[in-house]
Amino acid sequence: MSETKPQIDIDFIIENATLAEKSNLLAGHDFWHTTPLPDYNVPSIRMSDGPNGIRGTKFFNGVPAACLPCGTALGATWDTMLIQEAGVLIGKEAKAKGASIWLGPTMNIQRSPLGGRGFESFAEDPHLSGMLAAAIIQGVQSEKVIATPKHFVCNDQEDHRRGLETIVTDRALREIYLKPFQLALAHSNPHAIMTAYNKLNGKLCSQSPELLQKTLREEWGFEGATISDWYGTYSTSESMAAGLDIEMPGPPQWRGRLLSAAVSAMALPMHTVDARVRSVLQLVKRASECEVSEEEIIRNTPEDRSILRRLASESIVLLKNEDTVLPWAEIESVGVVGVHSKAATYCGGGSAQLSPYYVVTPMEGLQKFVQKIDYCPGAYGHQLQPLLGPFVKSNPGITVTFYNDPYNTPGRTALEVVEIADSSFQLLDYKPPGANMIFYASMTGSLTPEKTAVWDFGVMCHGTAVLYINDKLVVDNATQQRAGGSFFGSGTVEELGFVELQKGTRYEFRLEWGNGRTSTLQRLGATTLSNGGARLGGCPRIDAKLAIDEAVQMARAQKHVVIFIGLNQEIESEGYDRTSMDLPGHTNVLIDAVLDANPNAIVVVQSGTPVAMPWASKAKAVIQAWYGGNELGNAIADVIFGKVNPSGKLPMTFPKAMQDNPAFLNFNANDGRVLYGEDIFVGYRFYEKMEKEPQFAFGHGLSYTTFELSDLEVSSSDVQLIVQNTGTRQGAEVVQVYVAPVQSYTCRPVKELKAFSKVALEPGEAKQVNIRLDRNATSYWSETQDAWVSQKGEYEIFVGTSSDRIMLTARFTQDRTVIWRGL
Ligand code: BGC
């Protein structure tokens, strides 16, 4: 017989709990759990990141998990049904990791290609972002796991990420940045929301009554709980009064005893405390209806793998395919260029990171289709030295041994020994058993090089770290430390050192590390973490020219060549923004040279956001493959060999150059502030208004078949048309519906996406598509009326398969003006 859970009686608790008990409820118990009140049957609830899977409770040595493609990749599917399935998978994974609250989806906006967390969010367009968020939330919550859309709001860059002041007009705030949240709330019912670190027009988001009470609760009727971002609660009374329910993580810095003191000083009325407590108890009550595993367990089922493969392959965008270079038929041999082909570029960096069940690399994906593969790394494409894992062949591989004493203490006693997958560790949410406030570790392993070469090593840490190779000091990142963006903004830059290693000789490496409290950096704006972490990278130095020449020789000799290039989780990460859109190192020179040698070579880009492609006009075939999660290599090979007909569409504009981007002048923080100077003209809204041709337009993506759209009929609430697959392969097309007033006294974009539908069709098949429009389609935010205005008059509907490929237009007339607020 199953045990019935004791009931949580919210009114009784509010009536009877002491102030100390209530204030405990209003903050986390530890890094990932809410505080329990056992006397009142209130359990502790586990939360977990988010957004591309469920990491569980450990950044360090975490339990392996399903890794979905990154947010922009999911955005590129434009497929609400599929994204809902993704949500169901996340819900199941959450339960397996003991979590009933998922910290996702991330739904900020890519104002610029450079945003460090741009890869986490869906799109530059609020409608696409909001509708996909609603779909994933529905999926997650159908498993009774609570979704927590984040970060509310305007958390669109990492520079000065905690406390940056965003200056934005009310109109842009409503039409671009709040709109995705508004749509998500209208079409799903997330039971929680995470506040952002930053300020909005002078007020911290986590203590803004305008945002948390007026807009979210009063205007939109949100009934869930508000949770601060980690260390993103900055006050006691103000945040409570503004409507922030839970301070995370725990133990509390602003609640607990400070909160009791605020009540006794009458700085905080008891009814406010009770309102917050009610919200937390409702969240916990809902969350406790979800049956979760007690231990963190591994799922990794064949069904999951097939959804992950579909998600990854349907996210791939075929950017160019001149002379029908793709798909490749059955071939006997292929030349592969680029270190990315062997790398596991499965997700971006920061809190999105998790330990994946497995990763199929592009090379492994190709091996399933073709017998003979020649490989040349070409020029290196890293920004930080690559992790050592792939070079370490010994058993055990890389281990971390924790101590309470520094490395020069004779006979120090080990607290714990852990074998780790790669040469990097992050102890954000982990402390070894028996560790003091200040503790230490040795990360050790061995290398046996295949060639004699000079090796460059790089060490980055939060804490202090020195690297020894065979007991010889190679890198000192302890004596004179330099601040960098690593480790959520608390770490150093990468310090380099080199040493010549002889072929066939075994070398022992030893990184001696002191935890975050030994750091000599005094930081403003970094997350306050004390346990810290370290990262060790290294690789043999190569001569870029020789390496490129070698790739060129191979490209000449092979008929079929594919170049794998892109970014990775160290270049695109939470904690810092990119400084340029350029590919790292000599990558562009490599691509140019290989394309000169073999003009049919295809280029596969793995990145979460746009990279500059100075070779774009030269390349015949270009594929955007994002960070594709566990199945990335299979998905790429499926598209290259035509097992999957690509149907992804860009969820953001790919500009030709950074200078073309509307946020170019106003992206980095100036004196702690950033002005959203482009106003509502974000992404394609800007490029179209300025008639500036991008590299690839919003909504662009090719297929191996062809589609025709016809018979468009429109009214103010419906769009109807016929879509036909006029080619010879099965495929799917995204019908994109854009709207604009024919005449307006208010400045409006050329057109805005207001609806879309993805349609799968057999060769020759035609389907009627019916798409509904609502009042959002015609409305703009009027600052003078502080409301949405849907003006009477004529509207033009543009229907196409990309923002720059409009195939049909029609008009409808709205005969009265409607002014509205709410969802
Ligand atoms: C991120 C959040 C994340 C949280 C917990 C913060 O640094 O901004 O998105 O959910 O950490 O890992």
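What you see is a predicted model; the values in this text were computed from it and never measured. For ligands, and for the atoms within them, numbers begin at 1 and follow the listed sequence.
Every atom of ligand 1 is numbered from 1 in the order shown, and the set under 4.0 Å from a heavy atom of Ser351 is 1 (C), 2 (C), 3 (C), 9 (O), 12 (O). Within ligand 1, the atoms closer than 4.0 Å to a non-hydrogen atom of Asp229 are 1 (C), 2 (C), 3 (C), 4 (C), 6 (C), 8 (O), 11 (O), numbered from 1 in the order shown. With ligand atoms numbered from 1 in the order given, ligand 1 contributes 2 (C), 3 (C), 9 (O), 10 (O) to contacts under 4.0 Å with heavy atoms of Lys150.
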Test log, rule salt bridge (charged side-chain N to carboxylate O under 4.0 Å, His left out), inputs Arg117 and Glu574: CA-CA 5 Å; Arg117 300 184 81 172; Glu574 180 174 342; 3.2 Å; yes
Given side-chain contact (heavy atoms from CB on, under 4.5 Å), test Phe59 with Leu427 step by step and report yes or no. CA-CA 7 Å; Phe59 270 99; Leu427 304 184; over 6 Å; no
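Contact annotation: for Trp32 versus ligand 1, heavy atoms closer than 4.0 Å belong to the side chain alone. Residue contacts with ligand 1 for Arg161 involve side-chain atoms from C-beta outward but no N, CA, C or O (heavy atoms, distance under 4.0 Å).
Residue contact annotation: Trp102 has no non-hydrogen atom under 4.0 Å from ligand 1. Residue contacts with ligand 1: Tyr197 is included, with a non-hydrogen atom under 4.0 Å away. Ligand 1 has no atom lying under 4.0 Å from any heavy atom of Glu120. Heavy-atom separations between Met194 and ligand 1 include at least one value shorter than 4.0 Å.
A salt bridge does not link Arg286 to Glu289: none of the charged side-chain nitrogens sits closer than 4.0 Å to a carboxylate oxygen. A salt bridge is defined here as a Lys NZ or Arg NE, NH1 or NH2 lying under 4.0 Å from an Asp or Glu carboxylate O, and Glu296 with Lys58 fails to meet this definition. The residues Lys150 and Asp49 are annotated as salt-bridged, a charged nitrogen and a carboxylate oxygen being separated by less than 4.0 angstrom.
Both tests hold for Arg111 against Tyr676: distance to the six-membered ring centre under 6.0 Å, angle to the ring axis within 45°.
The closest heavy-atom contact to atom 5 (C) of ligand 1, among the options Asn108, Thr148, Asp49, comes from Asp49.
Inclusion of Trp230 in the set of residues having an N or O under 3.5 Å from an N or O of ligand 1 is not warranted.
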Show which side-chain atoms of residues 84-93 pair as donor or acceptor with protein atoms under 3.5 Å away, not counting sequence neighbours.
| unit_1 | atom_1 | unit_2 | atom_2 | d |
| --- | --- | --- | --- | --- |
| Glu93 | OE1 | Ala66 | N | 3.0 |
| Glu93 | OE1 | Tyr357 | OH | 3.3 |
| Glu93 | OE2 | Arg299 | NH1 | 3.2 |
| Glu93 | OE2 | Tyr357 | OH | 2.7 |

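A side-chain donor from one of Thr226 and Asp245 sits under 3.5 Å from a side-chain acceptor of the other.
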